[in-house]
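Remarks on the structure that follows.
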2 protein chains.
Amino acid sequence: MLFKLSSYSLITGNISLEFIIAGIAIVFFVIGISINKKVLHKKTIPTKDIDHKKIEALGLSKREYEVLCEVASGLSNKEIADKLFVSESTIKTHVSNILVKLDAKRRTQAIQIAKELQILRF
Amino acid sequence: MLFKLSSYSLITGNISLEFIIAGIAIVFFVIGISINKKVLHKKTIPTKDIDHKKIEALGLSKREYEVLCEVASGLSNKEIADKLFVSESTIKTHVSNILVKLDAKRRTQAIQIAKELQILRF
DNA sequence: ATACAATTCATACTTTAGTATGAGTGTTTT
DNA sequence: AAAACACTCATACTAAAGTATGAATTGTAT
């Protein structure tokens, strides 16, 4: 196919040779991109860094975000309380506020939403 | 630069024209791959596919794995029950069995463990 | 100084999650 | 056929999660 194209360029003359070469370059440039995307990077997903601006925009305080991370790691309120040296009551308050700010009904949903918002790592 | 290359091909004559075009194709093919890799996929991490063998090894049934996915998406037992057209009681049974098989104390922990085991997507 | 936000905690309450147990119905395996 | 398994469901219970309300403390901005 490549040789047919080059033969065709000989027939049409030198006038549009630059355009043909440029066309080939563009085609293979695109092929290179798509090959790389579909073959070599078949098993990748984009992972952006944590969006600190979005955390602020949501009105999440430093402590609330800290609690959110622990929730996402699978800890119970009591376990988080012990880890952060506060009462379970305090964690409950934080979690409640987190749910409101993330518009979630449950902590599991909060985790999902937080990840979609790129507030939490995967 | 592109036009200089094409001019060069005119000077050298028609003999190696195919090779020059092929060379250009290869060059831009590689450029396409590298551009795609370095610029567009700067923020990517490898994500393995779901390890179905591991699911089996854990003894998770098809239905249990189905429930696990819904749990991870942030749904409540009742919501999962409605989605799968079974009773909440059934979902509770499934979740309980999932926790035992994943050695988790809570559903949030089960989600974490499942992701570490590459049983769930991120 | 005072208004404000963040953090802490408690108490009381409702809801959801999770456990234990037993059991019925299919399907597959031996 | 009988055993084994997967799926279903119920009831009753305990534990954890989540809500509502009020309040004290501390640091910070005005």
Side-chain angles (χ1 to χ4, degrees), chain A residues 50-117 119-120, chain B residues 50-117 119-120:
Chain A
I50 274 114
D51 195 340
H52 294 281
K53 297 162 190 168
K54 206 173 283 177
I55 295 174
E56 240 188 308
L58 288 166
L60 280 177
S61 73
K62 190 182 289 184
R63 198 59 159 171
E64 283 165 353
Y65 179 69
E66 208 175 348
V67 171
L68 175 60
C69 292
E70 301 298 341
V71 167
S73 78
L75 299 184
S76 70
N77 290 335
K78 186 71 185 67
E79 287 170 341
I80 299 171
D82 292 341
K83 188 170 183 178
L84 301 185
F85 304 105
V86 293
S87 75
E88 187 186 352
S89 173
T90 301
I91 302 300
K92 282 189 177 186
T93 303
H94 287 318
V95 172
S96 253
N97 292 331
I98 291 169
L99 295 184
V100 171
K101 291 174 181 178
L102 289 185
D103 194 31
K105 293 174 186 171
R106 286 161 294 283
R107 52 170 52 208
T108 50
Q109 194 183 1
I111 294 171
Q112 265 304 115
I113 293 173
K115 287 179 178 177
E116 283 171 6
L117 294 175
I119 278 179
L120 284 180
Chain B
I50 274 112
D51 194 341
H52 294 281
K53 297 163 191 169
K54 205 172 287 178
I55 295 174
E56 238 187 310
L58 288 167
L60 280 177
S61 72
K62 191 183 285 183
R63 199 56 159 173
E64 283 166 352
Y65 179 70
E66 206 175 350
V67 171
L68 175 60
C69 293
E70 301 299 342
V71 167
S73 79
L75 299 183
S76 70
N77 290 335
K78 187 72 186 65
E79 287 170 340
I80 299 171
D82 292 341
K83 189 169 182 178
L84 300 185
F85 304 106
V86 293
S87 75
E88 187 186 353
S89 173
T90 301
I91 302 300
K92 282 189 176 186
T93 303
H94 286 319
V95 172
S96 253
N97 292 331
I98 291 168
L99 295 184
V100 171
K101 291 174 182 178
L102 289 185
D103 194 31
K105 293 175 186 171
R106 285 161 294 281
R107 50 169 55 206
T108 50
Q109 195 184 359
I111 295 171
Q112 265 303 117
I113 293 172
K115 287 180 177 176
E116 284 171 6
L117 293 176
I119 279 180
L120 283 179

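So that the names make sense, note that chain A is the first sequence line, chain B the second, and so on, each numbered from 1.
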Between B:Lys62 (NZ) and D:dT8 (C1'), how many Å, whole number? 17 Å
Can you tell me if A:Thr90 and A:Ser87 form a side-chain donor-acceptor pair at under 3.5 Å? yes
For B:Ser96, answer base if it contacts any base atom (sugar-phosphate contacts may also be present), sugar-phosphate if it contacts only those atoms, and nothing otherwise; contact means non-hydrogen atoms under 4.0 Å. base
Checking only heavy atoms, does the side chain of A:Ser61 share a donor-acceptor pair with the base of C:dA6 at less than 3.5 Å? no
Would you mind telling me which of C:dA17, D:dA17, D:dT11 lies closest to the side-chain atoms of B:Ser89? D:dT11
Quickly work out the B:Leu60 CG to D:dC7 P distance and round it to whole Å. 10 Å
In this structure, which one of B:Lys83, B:Arg63, B:Lys78 forms a salt bridge (charged side-chain N to carboxylate O under 4.0 Å, His left out) with B:Glu70? B:Lys83
Between B:Arg63 and B:Thr108, name the one whose nearest nucleotide on DNA chain D is closer to the 5' end. B:Arg63
Does A:Glu56 form a salt bridge (charged side-chain N to carboxylate O under 4.0 Å, His left out) with A:Lys62? I'd like the steps, not just the answer. CA-CA 9 Å; A:Glu56 240 188 308; A:Lys62 190 182 289 184; over 6 Å; no
Within 6.0 Å of NZ in B:Lys105, more than 12 heavy atoms from elsewhere: no
Of C:dA10, D:dA16, C:dT19, the nucleotide closest to the side chain of A:Ser87 is C:dA10
D:dA16, OP1 or OP2 - any side-chain N/O from B:Arg106 closer than 4.0 Å? no
It should be established whether B:His94 places a side-chain nitrogen or oxygen under 4.0 Å from OP1 or OP2 of nucleotide D:dT8. yes
Select base, sugar-phosphate, or nothing to describe what B:Ser76 touches, counting heavy atoms under 4.0 Å on all strands. sugar-phosphate
